[in-house]
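Take a look at the structure below.
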Amino acid sequence: MSKRNNIAMIITAASLLLFFPGIFLPMLTINIDGSIDANIASMTAPILYKSSSILQTVVDLWDQKVHTVAVLIFLFSVVVPMAKAALITYAVLTPQVPLANRSMAWVKSIGKWSMCDVFVVAIFLTYLSTTAEPTTSAHEVFVMGFKLNMQVAINMQSQLEIGFYCFLGYCLLSLIALQVYEERL
């Protein structure tokens, strides 16, 4: 086994150490609060608080009968990465050169269908789009002949969680492992 392939194997193992927390730990937390401030009283209430991991998102989508999306996320975020890691490990460890090369050809072909990087970008864009300045609007309301001036505000906040960083680390390390791997002759 070449030194480069040993390094590719070590990087693949490290990527898997990040992969599992990346799919089990929360990736993104979204918190939305609403408030009404009138000249006689004010009120603030939580509207939404959601913190989910990849696997929890798959389960939630499945429970909501959005089976196609749940299956696609599970397939491209869990099954394909595991298959890639297994095939790289096999390619490094097998003594049969033709099988090792065929295994890596499979890795390269399914790598095109791996949506991990797209998933990370989607989570990051969600984070950016939900971290915004509060939206405030003024309203006049008449209650029993009395005019009330009200300010209605919606405040959205999001936070990237440890699962996002673990999954991002997995994506980067798995790409590096593919670049380090040396075809066997």
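Fair warning: this is a prediction, and the values are worked out from it, not measured in the lab.
- Looking only at distances, a side-chain donor or acceptor of Ser174 sits under 3.5 Å from a matching main-chain atom of Tyr170.
- Both Val66 and Val78 belong to a common hydrophobic cluster when Ile, Leu, Val, Met, Phe, Trp and Tyr are linked at side-chain heavy-atom distances under 4.5 angstrom.
- When all heavy atoms are compared, the tightest approach of Gly22 to Ile54 is O-CD1, 3.8 Å.
- For the atom pair Ile10 CD1 and Ser15 OG, the distance stands at 12.5 Å (nearest 0.5 Å).
- Side-chain contact between Gln56 and Ser53 is present, with at least one heavy-atom pair separated by less than 4.5 Å.
- With contacts defined as side-chain heavy-atom distances shorter than 4.5 Å, the pair Glu140/Leu148 does not qualify.
- Across all non-hydrogen atoms, the minimal contact from Phe76 to Pro81 is O-CD, 3.6 Å.
- Grouping the Ile, Leu, Val, Met, Phe, Trp and Tyr side chains by contacts below 4.5 angstrom, directly or via other members, places Val97 apart from Leu87.
- The cluster map of Ile, Leu, Val, Met, Phe, Trp and Tyr, joined by side-chain heavy atoms under 4.5 Å apart, puts Leu25 and Phe167 in different clusters.
- In this structure, the side chain of Thr12 engages the main chain of Ala8 through a donor-acceptor pair within 3.5 Å.
- The side-chain contact (heavy atoms from CB on, under 4.5 Å) with Ser35 is formed by just one residue from the set Ile154, Val152, Asn155, Thr44; it is Thr44.
- Rounding to the nearest 0.5 angstrom, the gap separating the CG atom in Asn101 from the OG1 atom in Thr94 is 10.5 Å.
- Here the closest heavy-atom approach between residue Met150 and residue Ala38 is recorded as CG-CB, 3.7 Å.
- Hydrophobic clustering (side-chain heavy atoms under 4.5 Å, transitive across Ile, Leu, Val, Met, Phe, Trp, Tyr) keeps Leu99 apart from Ile88.
- Side-chain contact of Thr29 with Gln159: a donor-acceptor pair under 3.5 Å is absent, judged by distance alone.
- Side-chain contact check for Leu48 versus Asn31: every heavy-atom pair is 4.5 Å or farther apart.
- The backbone N or O of Glu182 lies less than 3.5 Å from a partner atom in the side chain of Asn5, making a donor-acceptor pair.
- Rounding to the nearest 0.5 Å places OH of Tyr165 at 10.5 Å from CE of Met27.
- Rounding to the nearest 0.5 Å gives a distance of 8.5 Å between CZ of Phe24 and CZ of Phe19.
- Leu172 and Met82 fall within the same hydrophobic cluster, defined by Ile, Leu, Val, Met, Phe, Trp and Tyr side-chain heavy atoms under 4.5 Å apart, directly or through other members.
- Side-chain contact between Ser52 and Asp60 is present, with at least one heavy-atom pair separated by less than 4.5 Å.
- Annotation: side chain of Ile47 is not in contact with side chain of Asp33 (no heavy-atom distance under 4.5 Å).
- We find the CD-CD1 distance between Gln179 and Ile11 to be 10.5 Å, quoted to the nearest 0.5 Å.
- A distance of 9.5 Å separates SG in Cys171 from CG in Leu173, rounded to the nearest 0.5 Å.
- Residues Leu178 and Met104 have side chains in contact (heavy-atom distance under 4.5 Å, counting atoms from C-beta outward).
- Residue pairs meeting the ring-ring contact (aromatic ring centres under 6.0 Å, His included) criterion with at least one partner in residues 27-62, sequence neighbours excluded, are Trp62-His67.
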